[in-house]
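Order of the sequence lines sets the chain letters (A, B, ...), proteins ahead of strands, with each chain counted from 1.
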Amino acid sequence: MPPASRIDSRVEDVIAWFAREARDLPWRDPGCSAWGVLVSEIMLQQTPVNRVEPVWREWMSRWPTAHDLAAAPQADVLRAWGRLGYPRRAKRLKECAAVLVERHGGDVPRELDELLALPGIGEYTANAVRAFAFGERAVVLDTNVRRVIGRAWRAQPLPTAHLTRAEREHAAALVPASALEAAAWNAGSMELGALVCTARRPRCDECPLQAECAWVAAGAPGLEEAPRRTQAWHGTDRQVRGRMMALLREADAPVDLASCPQLEDVEPEQRDRCLASLVADGLVEARGGEPVTYTL
DNA sequence: AAAACGGGGAC
DNA sequence: GTCCCAGTTTT
């Protein structure tokens, strides 16, 4: 990563804003373990902070180390994950814990390629762990940071669907040379994107970059025309899978999901398809017998 | 390159 | 009710 030759005033302003406005989150506690940071990043991949925080606290109190999670029954792990969504993340986090125990003595590695080799960890999460768990000077590029840089530096209303090489290089050039400032920039630009420079309704009046923002200077164009990212929900396989997982989390015995009253409104074809996909994902276990029943 | 994958809160 | 939010893996 090429070092930032000179710190940008907008970067300085984000760092100063973050020093004032940073939320007090448990995984930002200096005493939080690298494992705790990794767990938080997996939970935060698709889920807002306010929903993650209580689950993270309970989770870390129950399984403080990778050894603890690796030894936990998957059903307990999926129940503790609760309604965070995308339960495959919980399964992969447990698998990740097992790999840490097998290959790294239960510790979280700090090398990028070793992090990328772990289940459930991609480019964003690997760099986030390096930055927030180890204080390394990493390029942490989630959609929040991409949006902040896109607007304040490049006058773009919203990031493109895919990260380009030029964008990655621009982001790398903005990361301050000092590890301490780099960490503040990485956390602060994410926080600014999450709280102020939001996608559809940015709070420019509260933004520390308002006077310096290239997009504001251009008149904040293009937001209305930008393509929406809505996904169907009602009646989708996604929703049915979620309902099935919720039933199994609350059950204390195997459930006959093919004919239970809570799923009467679901067509048999969709029910079977969703059950098969949950079993294929390794989230649900089919028990033989007549009728066939299911458990976590 | 595109599709699959939850769920809750704001309006 | 409708819209918004978003990283990793699989195809």
Please state how far atom CG in A:Leu141 lies from atom C1' in C:dA6, giving the value in whole angstrom units. 14 Å
May I ask you to decide if A:Ala138's main-chain N or O and A:Asn186's side chain share a donor-acceptor pair within less than 3.5 Å? yes
Could you tell me whether A:Arg62 and A:Glu58 make a salt bridge, using a distance below 4.0 angstrom between a side-chain N and a carboxylate O? no
Which value, rounded to the nearest 0.5 Å, describes the distance between A:Leu69 atom CG and A:Met60 atom CE? 9.5 Å
Rounded to the nearest 0.5 Å, what's the gap from CZ on A:Phe134 to CG on A:Leu115? Could you check? 7.0 Å
For A:Arg273 and B:dA4, what is the distance between atoms CZ and P respectively, to the nearest whole Å? 11 Å
Are any of the side-chain nitrogens in A:Asp265 or A:Arg243 under 4.0 Å away from the carboxylate oxygens of its partner? yes
Run A:Thr47 and A:Arg89 through side-chain hydrogen bond (donor to acceptor under 3.5 Å, both in side chains) and show every step you take. CA-CA 11 Å; A:Thr47 309; A:Arg89 289 184 294 164; 2.9 Å; yes
Using a cut-off of strictly less than 4.0 Å, decide whether A:Arg146 has a side-chain nitrogen or oxygen near OP1 or OP2 of C:dA6. no
Side chains of A:Gln74 and A:Leu296, heavy atoms from C-beta outward: is any pair under 4.5 Å? no
Quick check: do A:Trp17 and A:Leu209 have side-chain heavy atoms less than 4.5 Å from each other? no
Here the distance between atom P of C:dC4 and atom CG of A:Leu158, to the nearest Å, is 10 Å
Anything under 3.5 Å between a protein N or O and an N or O of nucleotides 1-3 of chain C, put it in a table, one pair a line.
none

Rounded to the nearest angstrom, tell me the gap between atom CG in A:Leu115 and atom P in C:dG7. 17 Å
Nucleotide C:dT8, atom P - distance to CG of A:Leu116 in whole Å: 9 Å
If we take the P atom in both C:dT8 and B:dG8, what is their distance in whole Å? 23 Å
Between atom CG in A:Leu163 and atom P in B:dA2, what is the gap in whole Å? 16 Å
In the 5'-to-3' direction, what one-character label does each nucleotide of nucleotides 6-11 of chain B receive under the scheme B = base within less than 4.0 Å of a protein heavy atom, S = sugar-phosphate only, - = no such atom? BBS---
How would DNA chain C look in dot-bracket form, 5' to 3', counting Watson-Crick and G-U wobble pairs with both distances under 3.5 Å and writing | for bases paired to another strand? |||||.|||||
Flag the pair A:Glu12 / A:Glu181 as yes when at least one side-chain heavy-atom distance between them is below 4.5 Å, and no otherwise. no
Whole-Å P distance, C:dA6 and B:dA10: 15 Å
Before you tell me yes or no, could you show the steps for A:Ser178 and A:Arg137 under side-chain hydrogen bond (donor to acceptor under 3.5 Å, both in side chains), namely the whole-Å CA-CA distance, both residues' side-chain angles and the distance that decides it to 0.1 Å? CA-CA 8 Å; A:Ser178 99; A:Arg137 207 176 143 266; over 6 Å; no
When you check the side-chain N and O atoms of A:Tyr124 and A:Glu41, is any donor under 3.5 Å from an acceptor? yes
Nearest-nucleotide 5' precedence on DNA chain C, A:Pro119 against A:Ala199: A:Ala199
CD1 of A:Ile42 versus P of C:dG7: gap in Å, rounded? 12 Å
